[in-house]
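Just the heavy atoms: all of them, side chains too, but no hydrogens, waters or symmetry mates, feed the values below. Keep in mind that this is a model prediction, so the values were computed, not measured. Naming convention: chains lettered A, B, ... in sequence-line order (proteins, then strands); numbering from 1 in each chain.
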Amino acid sequence: MEGRALTMQEHITNILIAGVGGQGVLLASELLSDAAFLSGSDVKKSEVHGMAQRGGVVTSHVRFGIRVYSPLIPSGQADVLLAFEEAEAKRWMYFVKTEGRIVINQKRLKPPVAFLKGFEYPADPVKDVKENHGHVLVVPATEIATTLGNPRTANMVLLGALSGYLEITDSLWENAIRNRVPAETVPVNLDAFHEGRKLTS
Amino acid sequence: MKQILSGNESVARGCYEYGVHIATAYPGTPSTEVLENIAKFPEINSEWCPNEKVAFEVAMGAAFEGARSIVVMKHVGLNVAADPFVSVSLIGAPGGLVVVSADDPGMHSSQNEQDNRFYAKFAGYPCIEPSDSQEAKEFIGQAFDISIRFDVPVLYRMTTRVCHSKGIVSCGERNECGIAGFFPNPQKFVVLPSHARLRRQWADDRLQKLMEFVETSDLNRIDDGNGDIGIITHGVTYQYVKEIIPDFPVFKCGITYPLPVEAIRKFAHDKKQLLIIEELEPFIESELKTAGIRCEGKKYWPHCGEMSPDTVTAGLILAGIRKAVKTVPVPEPVIPRPPVFCPGCPHRGVYYILSKLKARVCTDIGCYTLGALPPLNSGDTCVEMGASIGVAVGMAKARKTGRGIVATIGDSTFLHSGMTGLLNAVNDNAGITVIIMDNSITAMTGGQLHPGSGRHLNGSEAPKMQFAALCQALGCDRIKVIDPYEIKQTESVLKEALNSDELSVIITNRPCALYPHENRRLVRQAPFRVNEDQCIGCHACMRVSCPAVSESDNRTAKGKTKSHIDTVLCTGCSVCAQVCPVNAIERMSENNDFRKDP
Ligand SMILES: Cc1ncc(C[n+]2csc(CCOP(=O)(O)OP(=O)(O)O)c2C)c(N)n1
């Protein structure tokens with residue numbers, strides 16, 4: 001990926017994380033806001049719980065900088081969209097700035113209704129995103145996580161990939177992860193995170 | 001010490017710091033995490049109640065005894081608690097009573113969008129509205145000060161965005177307060193009409209004093225700015241205003257009832273235009289217009305739906321204050337993801353059969369409402385908690401038979417407000433079928449305990465209410481308990497009940513797969529997989545609507561997509577395997593079960 005890291009002090013950094021219930025979107029956004037908080041920024045984060053957890057669409061807005069008011073990102077203002085699923089990348093790409101970045105997990109989750117007429121899954125969502133945006137990175141997160149020994153840490157691989165675009169130091173990320181995940185799973189989660197980070201830094 | 005907290009966590013923190021003694025609630029998105037987090041403080045006695053009315057009454061009794069009490073619910077919960085909420089207005093709340101109402105603009109997880117500020121006006125109570133996490137904590141202290149000083153319950157209005165957004169909060173220590181005890185005073189506490197008439201004037205005087213108080217309260221604030229357009233706003237909308245037009249003078253209402261009318265008149269004095277940017281109804285706007293203050297609000301901003309930075313901008317453009325910018329192209333619609341039953345959900349089998357039997361289904365509020373969505377399409381009516389049984393009885397009356405009419409109701413909903421409906425069905429000899437879906441938890445809101453769960457909020461053992469015994473005591477004599485994982489049994493029991501003219505009660509008894517608070521093995525067994533050599537692509541397994549079952553990339557000779565099971569998601573409930581006509585779905589051996597939680 002070309003381009004310099006986004007500097008957080010000169011403006012508010014807006015990160016939109018999107019996926020499907022059960023993919024670990026909320027843990028990833030929790031860790032991102034923790035890491036931003038540890039770095040001394042003002043932070044706001046917003047998501048909607050409830051029905052979303054039953055296989056529905058899940059999004060989390062994380063914003064940090066010197067002073068953050070709105071917990072929601074104005075549309076067209078996201079610096080990075082971290083999409084845990086290909087069709088979700090397509091759904092939310094309109095939130096991203098023209099010069100913003102889109103990180104897409106190479107994963108398709110067809111909802112159970114996809115076999116019904118009128119609910120067809122898009123033929124190639126990544127292609128659609130690339131036609132609209134210049135800075136797209138596709139990450140085979142599940143594959144990477146599986147190679148590392150646990151497919152469930154795909155969310156950490158993605159978070160790692162996102163981290164390469166942000167000015168938050170490695171040690172703050174590690175602290176954030178250690179503080180939140182169960183002690184016995186810290187090593188697998190850190191491995192996955194670092195593997196993802198390598199992709200963008 | 002600074003922490004990053006959600007609005008709900010901040011309210012809980014406020015309860016801790018400002019010495020709250022008693023907390024009660026009935027779960028409801030977006031309010032649920034308030035009590036869950038209060039329960040982490042052993043200093044506060046906290047417990048779920050069967051419904052909001054009971055929760056309110058317990059907190060009210062505690063406040064009569066002089067304890068700082070808080071009761072938490074979602075907006076529609078206040079409809080359930082409306083009787084005590086309004087009735088206590090003539091009594092007061094000597095120990096301090098704060099009523100948290102979490103409204104849901106945008107209806108992210110609710111059946112309506114009511115604006116509960118009207119309840120404050122209706123009952124004559126102050127309405128306090130925090131706009132972020134820091135305020136959600138701090139304002140709790142002020143809410144109790146006001147409640148105690150004016151002997152009045154305070155409506156603490158949160159909204160989804162305030163409840164579920166996180167921000168940085170400075171935290172302090174707990175201020176312990178004493179409990180004064182109950183001072184008997186029948187004229188105050190016993191609302192016989194003769195007493196109540198005397199108290200009516202007292203309540204009116206109290207409102208007058210509150211109106212004077214709010215004029216100088218620091219819950220309201222002015223942010224100076226440039227120009228002669230003044231903005232009046234409240235709650236999270238304030239944050240959007242500051243984001244979009246940081247330089248405008250803003251009057252931020254922390255109390256939206258009663259409004260500091262004179263302070264606002266003064267603020268408006270040197271402004272050319274006064275704009276009210278508020279979420280949902282024109283509440284502030286009509287109060288100000290009634291007071292003769294010239295202002296505009298709903299002319300530019302919608303009165304339905306949730307506000308956002310984008311809607312604030314759109315209104316400013318309409319009002320001619322912002323130039324229209326190049327709009328972001330609206331994306332073409334992407335596949336919807338309607339929420340579905342979780343893998344292993346015990347509701348699946350029941351709705352699969354109801355759908356197959358083409359029953360008339362009066363459903364209720366909970367996870368099981370999702371049975372109304374495609375592909376199950378089984379749910380003809382759903383109104384509010386507890387309505388299912390009454391609606392089914394009404395339909396049966398009009399039809400002169402209860403045959404084929406089913407009321408489906410969750411265990412938590414049944415205890416909340418279904419019992420009286422069933423009592424009425426018994427009394428009416430209604431020939432309907434009532435299915436109580438006992439998954440031993442309140443699942444939709446995130447797995448909260450209820451009186452049938454057998455556990456207290458602090459983890460200790462509680463008496464476990466028995467549904468069959470309860471229904472029997474209510475007068476039902478055709479009661480069957482079934483395992484909803486057993487499709488054949490479920491079908492035969494349902495068929496028999498639907499074809500009968502008697503009132504039948506069917507109780508399902510599998511725990512929730514997502515929150516199995518008792519025995520995890522009951523909802524987690526070795527997963528299944530599809531033997532694609534045998535799969536004929538009939539999609540029968542997809543009609544059970546399970547997130548673990550999807551289309552495979554492979555096709556049959558006739559070009560139909562085969563099925564695929566995600567073995568990480570599959571919980572081994574076997575429902576899909578039972579409906580497969582060619583036995584193509586087989587259980588993997590236990591040692592193939594690699595599902596481990598990281
Ligand atoms: C008056 C009211 N209070 C609270 C809620 C929030 N709420 C939605 S569903 C539900 C209960 C669901 O529990 P249950 O009936 O056991 O069904 P389950 O979700 O477990 O299937 C609650 C409390 C509501 N909609 N209305």
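Of the listed residues B:Ser131, B:Ser545, B:Pro375, B:Ala548, the one with more heavy-atom pairs under 4.5 angstrom with chain A than any other is B:Pro375. For the options A:Arg91, A:Lys110, A:Lys44, heavy-atom pairs under 4.5 Å to chain B are most numerous at A:Arg91. For the set B:Val241, B:Val312, B:Ile168, the entry with the most heavy-atom pairs within less than 4.5 Å of chain A is B:Ile168. Taking chain B as the reference chain and counting heavy-atom pairs below 4.5 Å, the highest number among A:His61, A:Glu88, A:Met93, A:Arg67 is found for A:Glu88. Counting heavy-atom pairs closer than 4.5 Å to chain A, the top-ranked of the candidates B:Arg161, B:His539, B:Glu551 is B:Arg161. Contact count against chain A (heavy-atom pairs under 4.5 Å) is highest for B:Pro336 among B:Pro246, B:Pro336, B:Ser308.
With salt bridges taken as basic N to acidic carboxylate O contacts below 4.0 Å, one links A:Glu85 and B:Arg337.
Atom CG of A:Leu109 and atom OG of B:Ser550 lie 8.5 Å apart (nearest 0.5 Å). To the nearest 0.5 Å, atoms OG (A:Ser60) and NE2 (B:His164) are separated by 12.0 Å. In this structure, the separation between CD1 on A:Ile73 and CD on B:Glu243 is 10.0 Å, given to the nearest 0.5 Å. Taken to the nearest 0.5 Å, the CZ atom of B:Arg543 stands 4.5 Å off from the CZ atom of A:Phe115. One finds the CD1 atom of B:Ile244 at 13.0 Å from the OH atom of A:Tyr69 (value rounded to the nearest 0.5 Å).
Proximity to chain B is limited to the side chain of A:Val113, based on heavy atoms less than 4.5 angstrom apart. Contact annotation for B:Cys367: only side-chain heavy atoms (C-beta onward) come within less than 4.5 Å of a heavy atom of chain A. With a 4.5 Å cut-off on non-hydrogen atoms, A:Leu72 touches chain B through its backbone and its side chain both. Interface residue B:Pro374: backbone and side-chain heavy atoms are both found under 4.5 Å from chain A. Residue A:Pro74 touches chain B through both its backbone and its side chain, counting heavy-atom pairs closer than 4.5 Å. When heavy atoms are compared at a cutoff of 4.5 Å, A:Glu30 approaches chain B solely by way of its side chain, counted from C-beta outward.
By the 6.0 Å contact criterion, CD on A:Glu99 is enclosed, its count of non-hydrogen atoms from other residues, nucleotides or ligands being greater than 12.
Proximity of B:Tyr240 to A:Pro71: side-chain heavy atoms (C-beta onward) are separated by under 4.5 Å at one or more points.
Summarising the geometry of B:Ile4 relative to A:Phe37, their closest heavy-atom pair is CG2-CD2, 3.8 Å, with the distance given to 0.1 Å.
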